[in-house]
Amino acid sequence: NKSSVGSAVTYDFEAAAMAGALVDRATSDMLMRPDWAMNVQICDVLNRDPGQTKDVVKDLKKRIGHKNPKVQLLALTLLETMIKKCGDIVHMYVAEKDVLHEMVKIVKKKHSDSHVKKKILILIDTWQEAFGSQRARYPQYYAAYQELLRAGVVFPQKSERSPPVCARPQARPLRSQPPPVQSPEFQNKARGSSITPFPVLRLNEIENARGIMDVLAEMMNALDPGNREVGCTSRLVFIITFYNAIFEYHLFFVKIGN
């Protein structure tokens with residue numbers, strides 16, 4: 001009926017407005033450094049309500065194309081955190097909503113900020129390795145990388161790059177590789193020894209753990225105990241967010257140990 005349709009439209013509008021407000025706060029030109037508490041909060045919102053991902057990515061694309069390099073860097077940092085912590089739905093919208101095209105366009109501009117260019121190149125190089133070739137599920141990442149290579153762009157050295165989004169599978173198994181942990185051979189050996197078979201972990205679980213670890217490292221690097229400009233409330237939010245991230249990482253290892 002009309003009332004239910006109107007309620008749905010109102011909810012969509014309010015959700016989009018909230019998503020835009022969060023992105024604006026996380027990429028405000030008033031920030032001196034990334035607001036990790038806000039970045040992680042946005043990721044938590046998207047993980048709870050994936051329906052907001054489209055609006056967040058749309059707003060983030062606008063911030064990446066902002067004239068202020070500080071806003072651009074904050075937006076790229078938020079995007080990097082979302083790619084690591086939110087998973088496939090973010091990967092899809094980033095690929096399909098021309099975010100990569102916007103990033104490539106910025107690199108190609110002569111007068112773009114050098115720090116912004118470098119950040120974009122690091123991200124695109126990392127993502128094209130993580131998400132595969134032109135036959136992968138989202139070939140747009142590889143296509144963006146190839147477009148920049150054809151334009152003569154030189155990517156930063158590997159040592160300057162951020163950790164990969166996920167571990168890439170081996171192309172060929174090692175000759176001395178032990179039998180699979182779920183194979184009968186391994187199970188027979190385990191019964192007669194102290195070996196405990198490991199649980200089978202899905203790739204998205206491993207990716208999520210790696211993303212949490214990367215975000216934790218970045219949050220630790222950004223923490224400045226001597227900064228008196230940060231209020232008590234901001235510190236409390238940071239501590240709670242940091243604790244939640246550690247708890248998620250702990251749960252991953254609890255699963256491995258069981």
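Of the inter-residue distances, the one linking L73 atom CG with H115 atom NE2 reads 8.0 Å to the nearest 0.5 angstrom. The distance from the CG atom of L22 to the CG atom of D55 is 11.5 Å, given to the nearest 0.5 Å. Interatomic distance, CG of L123 versus CG of L100, reported as 10.0 Å (0.5 Å rounding). The CD1 atom of I89 sits 10.0 Å away from atom CE of M82, with the distance rounded to the nearest 0.5 Å. With rounding to the nearest 0.5 angstrom, the CG atom of D113 is 9.0 Å from the NZ atom of K117. The line from CD1 of I64 to CD1 of I120 is 7.0 Å long, rounded to the nearest 0.5 Å.
Counting only heavy atoms from C-beta outward, the side chains of R63 and D24 approach each other to under 4.5 Å. Counting only heavy atoms from C-beta outward, the side chains of F131 and R137 never approach each other to under 4.5 Å. Counting only heavy atoms from C-beta outward, the side chains of D125 and Q128 approach each other to under 4.5 Å. Contact annotation: the side chain of K119 approaches that of T77 to within less than 4.5 Å [non-hydrogen atoms, C-beta and beyond]. Looking only at side-chain heavy atoms (C-beta outward), L79 and M103 come within less than 4.5 Å of each other. Two residues are said to be in side-chain contact when any heavy atoms from C-beta on lie closer than 4.5 Å; V56 and Y93 fail this criterion.
Looking at K58, its side chain never comes within 3.5 Å of a backbone N or O of G20 through a donor-acceptor pair. Distance alone, capped at 3.5 Å, places no donor-acceptor pair between the K61 side chain and the V99 backbone. Between the N47 side chain and the C43 main chain, a donor and an acceptor come within less than 3.5 Å of each other. Judged by distance alone, with hydrogens and angles left aside, the side-chain atoms of S112 form a donor-acceptor pair with the main-chain N or O of I106 at under 3.5 Å.
Electrostatic pairing of E147 and R150 does not count as a salt bridge here, judged by no charged N lying under 4.0 Å from a carboxylate O.
Nearest heavy-atom pair, E102 versus G65, reported as atom, atom and distance to 0.1 Å: OE2-CA, 3.4 Å. Nearest approach of P69 to V116, heavy atoms of both residues: O-CG2, 3.8 Å.
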- Should L121 and V107 be marked as a side-chain contact (heavy atoms from CB on, under 4.5 Å) after you check the CA-CA gap, both sets of side-chain angles, and the distance that decides it? CA-CA 8 Å; L121 292 176; V107 171; 4.0 Å; yes
- Message: Is there a side-chain contact (heavy atoms from CB on, under 4.5 Å) between Y138 and V94? Walk through the geometry before answering.
- Response: CA-CA 10 Å; Y138 304 119; V94 169; over 6 Å; no
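For R25, the salt bridge (charged side-chain N to carboxylate O under 4.0 Å, His left out) test picks out no residue, with sequence neighbours left out. A search for side-chain hydrogen bond (donor to acceptor under 3.5 Å, both in side chains) contacts involving Y142 returns Q146, not counting sequence neighbours.
Taking the six-membered ring where the residue is Trp, W127 and Y141 present perpendicular rings, their angle passing 60° and hence far from 30°.
Placement of I83 and M38 within a single hydrophobic cluster is found when ILVMFWY residues are connected by side-chain heavy-atom separations under 4.5 Å, directly or transitively. A continuous path of hydrophobic side-chain contacts links V90 to I124 [ILVMFWY only; heavy atoms under 4.5 Å].
By the 4.5 Å side-chain criterion applied to Ile, Leu, Val, Met, Phe, Trp and Tyr, L74 is assigned to a cluster that also includes L31.
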